[in-house]
Engineer: 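Dropping the structure in here first, questions after.
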Amino acid sequence: IQYYYAYSIGFYIAELIAIFVEPKRSDFFEYLLHHVVTLYLVVFSWIGYETRVGTYVLLIHDISDIPLCAAKIWHYVGNEIIVNINFGLFLISFIYMRLVCLPTLTYGLYFYSPK
């Protein structure tokens, strides 16, 4: 868990630096705010020893990125059928992870955690 947390912190620091190196996008400030808040939450959940819950949240958000990245790769290769399949997998995993798993985790933490 500690290695995954260290990787996540490193990833978001690298993404934060890359925002300033890459050409500015139209959603620059939203993207910057997203990465600053994410980095803040990950760092302070590590400091507060909440790594078990934080790992679940990170995994829920990271899992759907895999088929999305695969779709980008296949798009660059030029195979649109596999792009559409991977995008469909991304859509299914994104909806399931964000609308089923994350609320279930939140509900369980709120109602079943020791008070």
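Computation of the quantities below employed the complete heavy-atom set of this structure, encompassing side-chain atoms and omitting hydrogens, waters and symmetry-equivalent molecules.
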Engineer: Could you tell me the separation between the CG atom of Asn86 and the CD1 atom of Ile82, rounded to the nearest 0.5 Å?
Structural biologist: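 With rounding to 0.5 Å, CG (Asn86) is 7.5 Å from CD1 (Ile82).
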Engineer: Do Leu89 and Leu68 share a hydrophobic cluster, counting only Ile, Leu, Val, Met, Phe, Trp and Tyr and linking them when any side-chain heavy atoms are less than 4.5 Å apart?
Structural biologist: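 The answer is no; the residues belong to distinct hydrophobic clusters.
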Engineer: Who passes salt bridge (charged side-chain N to carboxylate O under 4.0 Å, His left out) against Arg25, sequence neighbours left out?
Structural biologist: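 Salt bridge (charged side-chain N to carboxylate O under 4.0 Å, His left out) check on Arg25 returns Asp27.
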Engineer: OG1/Thr38 to CD1/Ile9 distance, rounded to the nearest 0.5 angstrom?
Structural biologist: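 Atom-to-atom, Thr38:OG1 and Ile9:CD1 are 12.0 Å apart.
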Engineer: Should Leu91 and Val100 be counted in the same cluster of Ile, Leu, Val, Met, Phe, Trp and Tyr side chains packed under 4.5 Å apart?
Structural biologist: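 In one cluster: no.
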Engineer: Parallel, tilted or perpendicular: which one describes the rings of Tyr112 and Tyr107, with boundaries at 30° and 60°?
Structural biologist: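 Aromatic pair Tyr112/Tyr107 classed perpendicular.
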Engineer: Using distance only, find each side-chain donor-acceptor pair of residues 39-64 under 3.5 Å and give its atom names and separation, not counting sequence neighbours.
Structural biologist:
{"from": "Ser45", "atom 1": "OG", "to": "Tyr5", "atom 2": "OH", "distance (Å)": "2.7"}
{"from": "Ser45", "atom 1": "OG", "to": "Leu41", "atom 2": "O", "distance (Å)": "3.1"}
{"from": "Ser45", "atom 1": "OG", "to": "Val42", "atom 2": "O", "distance (Å)": "3.0"}
{"from": "Trp46", "atom 1": "NE1", "to": "Gln2", "atom 2": "OE1", "distance (Å)": "2.6"}
{"from": "Thr55", "atom 1": "OG1", "to": "Thr51", "atom 2": "O", "distance (Å)": "2.6"}
{"from": "His61", "atom 1": "ND1", "to": "Val57", "atom 2": "O", "distance (Å)": "2.8"}
{"from": "Asp62", "atom 1": "OD2", "to": "Tyr4", "atom 2": "OH", "distance (Å)": "2.5"}

Engineer: Does Phe11 share a hydrophobic cluster with Ile13, counting links as ILVMFWY side-chain heavy atoms below 4.5 Å and allowing steps through other members?
Structural biologist: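 Yes, because Phe11 and Ile13 connect within a single hydrophobic cluster, where side-chain heavy atoms sit under 4.5 Å apart.
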Engineer: Linking I/L/V/M/F/W/Y whenever any side-chain heavy atoms sit under 4.5 Å apart, do Ile66 and Ile85 land together?
Structural biologist: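 Unlinked, Ile66 and Ile85 end up in two clusters.
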Engineer: Under 6.0 Å from the CZ atom of Phe111, do we count more than 12 heavy atoms belonging to anything else shown?
Structural biologist: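 For Phe111, atom CZ is crowded (more than 12 foreign heavy atoms under 6.0 Å).
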Engineer: Begin from the C-alpha positions of Phe94 and Phe87 and carry the test ring pair (Phe, Tyr, Trp, His ring centres under 6.0 Å) through to its verdict.
Structural biologist: CA-CA 10 Å; Phe94 184 88; Phe87 191 73; 10.0 Å; no
Engineer: Output, in order, the C-alpha distance, side-chain angles, deciding distance and verdict of side-chain contact (heavy atoms from CB on, under 4.5 Å) for Leu16 and Leu32.
Structural biologist: CA-CA 7 Å; Leu16 195 59; Leu32 177 65; 3.6 Å; yes
Engineer: Do the ring centers of Phe20 and Phe28 come within less than 6.0 Å of each other?
Structural biologist: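 Ring centroids of Phe20 and Phe28 are less than 6.0 Å from each other.
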Engineer: Nearest 0.5 Å please: distance from the CD1 atom of Ile19 over to the NE2 atom of His34.
Structural biologist: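 Between atom CD1 of Ile19 and atom NE2 of His34 there are 8.5 Å.
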Engineer: Could you check if a side-chain atom of Val83 sits within less than 4.5 angstrom of a side-chain atom of Val77, using non-hydrogen atoms only?
Structural biologist: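 Heavy-atom side-chain distance check fails, nothing below 4.5 Å.
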Engineer: Heavy atoms, side chains only, cut-off 4.5 Å: are Phe29 and Leu33 in contact?
Structural biologist: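 A side-chain contact is absent here, since even the closest heavy-atom pair is not under 4.5 Å.
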Engineer: Starting from the C-alpha separation in whole Å, work towards a yes-or-no answer on side-chain contact (heavy atoms from CB on, under 4.5 Å) for Glu15 and Tyr31.
Structural biologist: CA-CA 10 Å; Glu15 286 288 313; Tyr31 204 54; 3.4 Å; yes
